[in-house]
Amino acid sequence: MDWKTLQALLSGVNKYSTAFSRIWLSVVFVFRVLVYVVAAERVWGDEQKDFDCNTRQPGCTNVCYDHFFPISHIRLWALQLIFVTCPSLLVIMHVAYREDREKKNREKNGENCPRLYSNTGKKHGGLWWTYLLSLFFKLIIEIVFLYLLHKMWDSFDLPRLVKCSEVDPCPNTVDCYIARPTEKRVFTYFMVGASSICIVLTVCEIFYLIFKRVVRSVQKWKKSTKRSVSYSKASTCQCHLKTEEKDNKSQTRCVA
């Protein structure tokens, strides 16, 4: 897997991201991708080879391993990292679409034509919704993968001994031993903790964006209200002046 290419793509999102998203990206690459590439792959590299069972029945060890590890931690984490970073590409695609529209508009109407967007990377209109949607996708993917990890291995735990019973072609109950269970348990807790931090950051960013949007809407509403009030006051004053002028004219006529 070429993690450098993925990092280069996602680094472009930083130009359109909030502070929460920048921290999220740092956590993903430093505490998840880096740990995955440098250490985790080596720890789980020999998992099936060193999965030892106290039986010589052909095929029993492979069947027991598949029963307890339908998918290995390392492959599940790889899928999680790929899926959780893909929603960020939606923002890049939307910005690229805006830039393409702006370019075609200039080619059609000239360089001095009015711009379609004041800033193609500014989170307004459709881009704001795309950005918010990408955050929800990230959140759902993180939660789903944590749930799968918890469901497959109870409480993210890796016991030293697992008992394989009623699984063909194993005879009766077979005891199987996981290689380096303590080391793998530590890495599992570390990756789960990093994923939890990313979930918290994503939730904070969602609330931040919604709160900022609500505040901006309230400010616009207040400005429009003030304008309407000032306009109504101005029109009322003009009516009073006209009425006073009419009264003064009528009084002058009466005196004459």
Side-chain angles (χ1 to χ4, degrees), residues 1-36 76-106 114-151 191-225:
M1 182 181 295
D2 192 357
W3 294 108
K4 290 183 179 179
T5 304
L6 184 62
Q7 183 179 9
L9 284 172
L10 292 177
S11 296
V13 185
N14 275 341
K15 295 186 292 184
Y16 322 114
S17 302
T18 63
F20 290 105
S21 188
R22 294 188 183 97
I23 297 171
W24 177 88
L25 193 62
S26 300
V27 171
V28 167
F29 277 102
V30 175
F31 295 102
R32 298 175 73 175
V33 174
L34 194 61
V35 171
Y36 175 91
L76 190 66
W77 287 336
L79 287 174
Q80 183 182 12
L81 289 171
I82 291 170
F83 278 106
V84 83
T85 51
C86 282
S88 298
L89 301 180
L90 291 173
V91 180
I92 296 178
M93 292 170 63
H94 198 142
V95 173
Y97 166 74
R98 281 185 165 189
E99 290 174 350
D100 185 61
R101 281 195 66 194
E102 194 69 57
K103 181 181 177 181
K104 289 180 179 178
N105 180 55
R106 288 198 303 269
R115 294 175 60 88
L116 297 176
Y117 308 98
S118 58
N119 185 355
T120 54
K122 200 168 185 179
K123 293 186 289 295
H124 283 309
L127 185 59
W128 186 87
W129 287 104
T130 301
Y131 193 89
L132 189 66
L133 191 65
S134 69
L135 293 178
F136 277 109
F137 281 153
K138 285 181 190 178
L139 186 63
I140 292 169
I141 290 168
E142 292 278 19
I143 293 172
V144 167
F145 273 93
L146 282 183
Y147 173 77
L148 289 175
L149 192 64
H150 181 271
K151 193 73 175 177
M191 295 297 278
V192 169
S195 183
S196 301
I197 292 172
C198 289
I199 289 174
V200 172
L201 288 172
T202 304
V203 171
C204 290
E205 188 171 12
I206 289 172
F207 279 108
Y208 170 76
L209 285 176
I210 295 174
F211 175 75
K212 196 174 179 180
R213 185 67 176 263
V214 170
V215 169
R216 190 182 295 118
S217 300
V218 171
Q219 288 176 348
K220 286 183 179 178
W221 178 78
K222 285 182 177 179
K223 286 181 180 178
S224 62
T225 305

Approximate separation, where rounding is to 0.5 Å, of [X] [atom1] and [Y] [atom2]:
{"X": "I141", "Y": "F136", "atom1": "CD1", "atom2": "CZ", "answer": "13.5 Å"}
{"X": "L149", "Y": "W77", "atom1": "CG", "atom2": "CH2", "answer": "7.0 Å"}
{"X": "W24", "Y": "T85", "atom1": "CH2", "atom2": "OG1", "answer": "6.0 Å"}
{"X": "L148", "Y": "I143", "atom1": "CG", "atom2": "CD1", "answer": "12.0 Å"}

* To do: Sequence neighbours left out, what pairs pass side-chain hydrogen bond (donor to acceptor under 3.5 Å, both in side chains) with at least one residue falling in residues 135-146?
  => R32-E142, Q80-E142, S88-K138, E142-S195

* **Shortest non-hydrogen contact between L90 and T130, atoms and distance** => O-CG2, 3.8 Å

* Structure fact -> In terms of heavy-atom contacts, S134 and P87 come closest through CB-O, 3.3 Å

Using a 3.5 Å cut-off and no angle test, enumerate the donor-acceptor pairs between side-chain atoms of residues 198-205 and protein atoms at least two apart in sequence or in another chain.
from	atom 1	to	atom 2	distance (Å)
T202	OG1	C198	O	2.8
E205	OE2	T18	OG1	2.6
E205	OE2	Y131	OH	2.4

Which side-chain N or O atoms in residues 207-218 pair as donor and acceptor under 3.5 Å with protein atoms at least two apart or in another chain?
from	atom 1	to	atom 2	distance (Å)
S217	OG	R213	O	2.9

